[in-house]
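In what follows, chains carry the letters A, B, and so on, assigned in the order in which the sequence lines appear, proteins first and then strands, with residues in each chain numbered from 1.
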Amino acid sequence: MLEINGLHARVAQGAEILKGISLSVGKGEVHAIMGPNGSGKSTLAGVLAGRERFEVTAGSVTLDGADLLALTPEERAVRGVFLGFQYPVEIPGITNAYFLRTALNSVRRARGQSELDAMEFLVLLKQKAKLMEMDPSFLNRSVNEGFSGGEKKRNEILQMAVLEPRLAILDETDSGLDIDALKVVAAGVNALRSPERSVILVTHYQRLLDHIVPDRIHVLAGGRMVKSGGRELALELEAQGYGWIDAHAGGA
Amino acid sequence: MSAEDNKALSELTEKEYGYGFVTDIEQESLPPGLSEDVVRWISRKKGEPEWLLEWRLQSYRHWLTLTEPHWARANYPAIDYQAISYFAAPKAKTDGPKSLDEVDPELLKTYEKLGIPLQERAALAGIAVDAVFDSVSVATTYKGKLAELGIIFCSFSEAVREHPELVRRYLGTVVPRTDNFYAALNSAVFSDGSFVYVPKGVRCPMELSTYFRINASGTGQFERTLIVADEGAQVSYLEGCTAPKRDENQLHAAVVELVAMAEAKIKYSTVQNWYPGDKDGRGGIFNFVTKRGLCAGRRAHISWTQVETGSAITWKYPSVVLKGDESVGEFYSVAVAANCQQADTGTKMVHIGRNTRSTIVSKGISAGRGQNTYRGLVKVGRKADNARNHSQCDSLLMGSKCGAHTFPVIEVSNTSAVVEHEATTSRISEDQLFYCRQRGIPQEEAVALIVNGFCKSVFKELPMEFAVEAQKLLQVSLEGSVG
């Protein structure tokens, strides 16, 4: 479904960060991308979502055969790409519910589907909020404003639940979470696993993978994929740290 | 005053009207120029009583002694007051565009975006239309209902004819005719406007809107509005229209006076969207307005809410004089300066009575080459024990060529006063935009969403339908400002 081929990217006019990434994610698969800080994990997530601060210098990315890199961020969202942000952004004065309804209806409109009215949306939203164990009062607060770290991350997964993406990229969704919050977030993601939905988990720690079990694990270092494997690779990393990977990357 | 000035002055005042002035009452409009005769002609044309003519003349004579103020942060070429026509009947059909084909296509696009009905677009664009929309019938039923409650809501001219004692009692009591250059000019030559009187203890059951007033289309250049809420009365008044109205008159100098007696409440909401000029600033309206409310009695309450998106230059400071003990003044403002617009706006809260409270919330949005200035005064008098004020002035910048300026002045003469001022300046961040777009919200809508959030504390003060329109208006005004 998602095909990344020889992808090179840099910060606009800056140093190259991704140095030839290739990755294939099939329908319904969950892939974890692990790696030390500065390895390019978040850059990869940003490039896939269309962040303008990154510039693709070579390679290709296709989603269901269509050139993803040619699309604006909102067009990618319409195609079903969702990015769970490492640092969710605050939008003062706009309630969570209003924001999500605007987003959902924008996407539905672009797909030629009917828009949901306020009542229909509220029913849907409450049902999804329950899944994330979120207090309904949460929905009437401004987007991420004054939210704790855990609340912000849960809010990201709530948005994912409402938007029902085909490809969800979760960027360090586990960072800053205590174990209880982590379990809630993981349960949310697991509930959304389906044969129609692919997930890319970007994480530094393997503990998230105790709760969301991936089909494949890839290790990123110095802007290159240095190793791919099954679940056992995460445990190996856990035991040995990233030091050996750096050596493995060979002066990248 | 120097002898030379005196000479110029007398020449100006005594000069015979250059274009063969005749006091022909049948005549529908005046050629350009201002003199005592012009003032007399206007008053006579409107069939006004002697005292009002005298009031106009005194205003005119005082205006001659004043000079045009230039302390506002606005640049514009000098205004030639002798080049303005001070009385224009509704435009003849031969003037202005004859059909929508002749109207600026950009303007028409804006109407479309705002969802204005077709037949109204023509009228707004300045095309003479014979069929007046159905507001006349609406207005008639409206008036009957109000009359039952003893509420007077009519044009200013009608009020002068039908309720001269009320007009005489309150006219100029809040904004004296000597108040400032433009107020004096308005007092001399005001054309028409609105008059509202709500009797003791009556709560006006509906929002009063100029839109529903018969003859509202004839208002314009020098508007005069007077609203009186007697003891315990309540009224909410809406001014303006969200459609950018094309107008031949470049200078607009209105005066609005509000009088709230004891326990009375007046809420005055404005959406101002006069033609701002084209992208290079050509042809926009100069909007120099004096708006002031007087909380005359105990526990009186006056609230101004304004959304200012139009005009090339806006110069406007809706103020409240808190004379009654425990009276309350509020000012909620959203001002947009896009393209080449210049907005210099704010408020004055003058605390005179004891335990008086005021709130100021100002949201300035600058885009393009727009310059947005907040100018405010909070004044606490010697006897105003326990006065409270909270001011919040936030600026939002879009792009790198615009400007935001804040000039808050605080004068406190009573040690028990508590005056707070908070100010912020921010930009729409790339992160916020990307966050919205990643969720599928297109860029322009994302900008509107973020701006609406920024303005929320003001929008929530607007009556419901107005708030919806204001949001739409803001989006249209700021289109193309980012990206």
Side-chain angles (χ1 to χ4, degrees), chain A residues 12 45-46 48-54 71-96 98-111 113 115 141-145 152 155-156 158-160 162-165 168-169 171, chain B residues 305 307 332-334 336 361-365 392-398 422-462 464 467-468 470-472 474-475 478 482-483:
Chain A
L48 293 178
R51 224 173 223 265
E52 280 161 2
R53 77 165 69 122
F54 301 119
L71 304 176
T72 63
E74 52 267 42
E75 287 165 344
R76 296 183 201 201
V78 171
R79 298 268 179 142
V81 175
F82 177 91
L83 174 64
F85 283 65
Q86 183 178 4
Y87 304 107
V89 180
E90 297 182 3
I91 307 177
I94 296 297
T95 65
N96 230 357
Y98 184 81
F99 176 74
L100 262 178
R101 189 174 147 224
T102 305
L104 181 63
N105 279 338
S106 296
V107 166
R108 290 182 65 95
R109 197 165 55 230
R111 289 176 186 157
Q113 298 166 326
E115 295 182 31
R141 282 163 57 187
S142 291
V143 179
N144 292 323
E145 200 181 32
K152 284 183 181 173
N155 196 27
E156 293 294 291
L158 171 70
Q159 296 189 23
M160 170 175 152
V162 169
L163 292 169
E164 300 184 325
I169 305 153
D171 188 8
Chain B
T305 306
V307 177
Y332 300 96
S333 170
V334 168
V336 175
V361 178
S362 166
K363 304 279 180 176
I365 301 160
Q392 175 79 46
C393 298
D394 299 324
S395 303
L396 187 69
L397 299 169
M398 298 166 76
E422 287 179 51
T424 66
T425 302
S426 55
R427 284 179 186 281
I428 290 185
S429 74
E430 195 194 316
D431 283 346
Q432 280 177 324
L433 272 179
F434 180 67
Y435 193 67
C436 293
R437 295 176 72 192
Q438 205 301 305
R439 297 301 184 248
I441 304 170
Q443 170 132 319
E444 295 281 359
E445 278 177 53
V447 170
L449 186 85
I450 295 163
V451 171
N452 281 334
F454 173 74
C455 299
K456 182 161 186 198
S457 52
V458 174
F459 284 167
K460 73 178 174 48
E461 298 297 325
L462 286 170
M464 184 67 169
V468 173
Q471 290 191 17
K472 218 164 24 166
L474 214 62
Q475 178 169 1
L478 292 171
V482 163

So, the part of A:R76 with a heavy atom under 4.5 Å from chain B: the answer is neither

Going through the checks in order, is the side chain to side chain donor-acceptor pair (under 3.5 Å) test met by B:Y435 and A:N144? CA-CA 12 Å; B:Y435 193 67; A:N144 292 323; 3.2 Å; yes

Region of A:V81 that comes under 4.5 Å of a non-hydrogen atom in chain B: both

Heavy atoms from other residues, nucleotides or ligands near CZ of A:F54 exceed 12 (cutoff 6.0 Å): yes

What heavy-atom pair brings A:T102 and B:I441 nearest, and what distance separates the two atoms? CG2-CD1, 4.0 Å

Looking at side-chain heavy atoms only, is the closest gap between A:P92 and B:Q432 below 4.5 Å? yes

Whatever's closer than 4.5 Å to a heavy atom in chain B on A:L163 counts as side chain

Exactly one candidate in B:R437, B:Q443, B:R439 meets side chain to side chain contact (heavy atoms under 4.5 Å, CB included) with A:P73; the answer is B:R437

Heavy-atom donor-acceptor pair, B:Q438 side chain to A:A77 backbone, under 3.5 Å: no

Any chance you could measure B:D431, atom CG, to A:F85, atom CZ, to the nearest 0.5 Å? 8.0 Å

Are A:T95 and B:K456 packed together at the side-chain level, in the sense that at least one heavy-atom pair is separated by less than 4.5 angstrom? yes

Okay, A:R53 and chain B: the region with an atom under 4.5 Å from a heavy atom over there is both

Heavy-atom distances under 4.5 Å only: say whether A:F99 touches chain B with side chain, backbone, both or neither. both

Going through the checks in order, is the side-chain contact (heavy atoms from CB on, under 4.5 Å) test met by A:V89 and B:F434? CA-CA 9 Å; A:V89 180; B:F434 180 67; over 6 Å; no

Quick check on B:C436 against chain A: is it the side chain, the backbone, both or neither that has a heavy atom closer than 4.5 Å? both

Residue part contacting chain B, namely of A:E75, when any heavy atom lies under 4.5 Å: neither

In terms of heavy-atom proximity below 4.5 Å to chain B, should A:P165 be classed as side chain, backbone, both, or neither? neither

CZ (A:R51) with more than 12 external heavy atoms under 6.0 Å: yes

